[in-house]
*Asks:* 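Sharing a structure below in structure tokens format, with a few things to ask.
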Amino acid sequence: IVAKGVIKFEPRHGDRLRLVGTWARSEYSGEDEFIFSRCSICIPTDARAALEYAAEITRGIGPAVRQKIWSEYGEDWRAHPDLDGVGGISETVRAAWRETLRRLDIERAKTDTMGHLLSLGCSMSLAERAWEAWGEGAVGRVTADPYCLTEIPRVGFLTVENAGIPRALGIA
């Protein structure tokens, strides 16, 4: 499968990506290719599946260690980023594990922020640009004053109005 598009972040080995786009026939080879316009990391919501995903993308955490983590902490595994109750793990692997959890937390926050902004009427592009500008603070800023979006380059008052964002927040 050939996929073409622009990713605004550096995916890592093992990342599960959600691509949104369309299929087209390549003008060069004549083969089918997927042209994507959006890309995001897809993090499972189920605790067990999320642990499997985190272990899969962390160097040094294999199936045996993953099972030890689940046996020790169960569904509460996210509350133990240092893996203190799991023996036989080097400090290098523990550091890699903490970095994986940090990345997943950022991606989860981004997903939550984007979802909230989309529910207010932002387009995907505008929500992404708000995330880039303000990170986790985007929802608070937009909720307090939807016209703050005009601080983003090439976003004007009419863009905010026509999207219905003020009305979604109860502003006439």
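Since this is a predicted model, take the numbers as computed values, not measurements. Position 1 is the first residue of the sequence; numbering continues from there.
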*Asks:* If you take all heavy atoms of Gly135 and Thr113, which pair is closest and at what distance?
*Replies:*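 Scanning both residues completely, I find the closest heavy atoms to be O-CG2, 4.1 Å.
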*Asks:* Evaluate the side-chain proximity of Trp77 to Leu101: yes if any heavy-atom separation is below 4.5 Å, no if none is.
*Replies:*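 Counting from C-beta outward, Leu101 and Trp77 do come under 4.5 Å.
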*Asks:* Can you name the nearest heavy-atom pair linking Pro146 to Val160, along with the distance?
*Replies:*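 Closest pair (atom of Pro146, atom of Val160, distance): O-CG1, 3.7 Å.
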*Asks:* Compare every heavy atom of Gly156 with every heavy atom of Thr150, then report the nearest pair and how far apart it is.
*Replies:*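 Answer, listing the atom of Thr150 first, then Gly156: CG2-C, 3.6 Å.
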*Asks:* Output yes when Glu136 and Arg108 qualify as a salt bridge under the 4.0 Å nitrogen-oxygen rule, no when they do not.
*Replies:*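 No.
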*Asks:* Assess whether atom CZ of Arg59 is packed by more than 12 heavy atoms of other residues, nucleotides or ligands within 6.0 Å.
*Replies:*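 No.
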*Asks:* Rounded to the nearest 0.5 Å, how far apart are CG of Asp82 and CD1 of Ile89?
*Replies:*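 Between atom CG of Asp82 and atom CD1 of Ile89 there are 10.5 Å.
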*Asks:* Answer yes or no: is there a side-chain heavy-atom contact under 4.5 Å between Leu117 and Leu126?
*Replies:*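 Contact flag for Leu117/Leu126 side chains = no.
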*Asks:* Kindly give the heavy-atom pair with the smallest separation between Tyr53 and Ile41, and that separation in Å.
*Replies:*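 Nearest pair, atom of Tyr53 first, then Ile41: OH-CG2, 3.5 Å.
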*Asks:* In the single-linkage hydrophobic clustering (I, L, V, M, F, W, Y; side-chain heavy atoms under 4.5 Å), do Val155 and Leu169 co-cluster?
*Replies:*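 Yes, Val155 and Leu169 fall within the same hydrophobic cluster.
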*Asks:* Could you tell me if the side chain of Trp97 sits less than 4.5 Å from the side chain of Val65, heavy atoms only?
*Replies:*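 Side chain of Val65 against side chain of Trp97, heavy atoms only: no contact under 4.5 Å found.
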*Asks:* Evaluate side-chain contact (heavy atoms from CB on, under 4.5 Å) for Ser29 paired with Val2, printing each intermediate quantity in order.
*Replies:* CA-CA 11 Å; Ser29 68; Val2 175; over 6 Å; no
*Asks:* What residues form a side chain to side chain contact (heavy atoms under 4.5 Å, CB included) with Arg167, not counting sequence neighbours?
*Replies:*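 Glu161.
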*Asks:* Counting C-beta onward and ignoring hydrogens, is there a side-chain heavy-atom pair between Leu104 and Arg78 closer than 4.5 Å?
*Replies:*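 They are in contact (side-chain heavy atoms under 4.5 Å apart), so the answer is yes.
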*Asks:* What are the two closest heavy atoms between Thr100 and Ala54, and how far apart are they?
*Replies:*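 Taking every non-hydrogen atom into account, CG2-O, 3.8 Å.
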*Asks:* Quick one: pull up CZ in Arg94 and OG1 in Thr58 and give me the separation to the nearest 0.5 Å.
*Replies:*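 OG1 of Thr58 is found 13.0 Å from CZ of Arg94.
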*Asks:* Flag the pair His116 / Thr143 as yes when at least one side-chain heavy-atom distance between them is below 4.5 Å, and no otherwise.
*Replies:*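 A side-chain contact exists here, since the closest heavy-atom pair is under 4.5 Å.
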*Asks:* Show the numbers, then the answer: is there a side-chain contact (heavy atoms from CB on, under 4.5 Å) between Val139 and Asp112?
*Replies:* CA-CA 9 Å; Val139 169; Asp112 291 347; over 6 Å; no
*Asks:* Around Arg98, counting heavy atoms of other residues, nucleotides and ligands shown, do more than 12 lie under 6.0 Å from its CZ?
*Replies:*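 Yes, CZ of Arg98 has more than 12 neighbouring heavy atoms, counting only those of other groups under 6.0 Å.
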*Asks:* What are the two closest non-hydrogen atoms of Ala130 and Leu149, and how far apart are they?
*Replies:*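 Ala130 and Leu149 have their closest heavy atoms at CB-CD2, 4.1 Å.
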*Asks:* Does any pair with a residue in residues 119-172 pass ring pair (Phe, Tyr, Trp, His ring centres under 6.0 Å), and if so which ones, sequence neighbours excluded?
*Replies:*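 Qualifying pairs, neighbours excluded: Tyr147-Phe157.
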*Asks:* May I have the step-by-step check of side-chain contact (heavy atoms from CB on, under 4.5 Å) for Val20 and Met124, ending in yes or no?
*Replies:* CA-CA 11 Å; Val20 177; Met124 180 60 83; over 6 Å; no
*Asks:* Counting only heavy atoms not in Glu75, do more than 12 fall under 6.0 Å of its CD?
*Replies:*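 Incorrect, the count does not exceed 12.
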*Asks:* Answer yes or no: is there a side-chain heavy-atom contact under 4.5 Å between Asp15 and Glu107?
*Replies:*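 Not in contact.
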*Asks:* Side chains of His80 and Val86, heavy atoms from C-beta outward: is any pair under 4.5 Å?
*Replies:*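 Answer no - side chains too far apart.
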*Asks:* Are Arg66 and Glu56 packed together at the side-chain level, in the sense that at least one heavy-atom pair is separated by less than 4.5 angstrom?
*Replies:*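 Not touching, per the 4.5 Å side-chain cut-off.
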*Asks:* Closer than 4.0 angstrom, basic N to acidic O: yes or no for Glu99 and Arg102?
*Replies:*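 Answer for the salt bridge query: yes.
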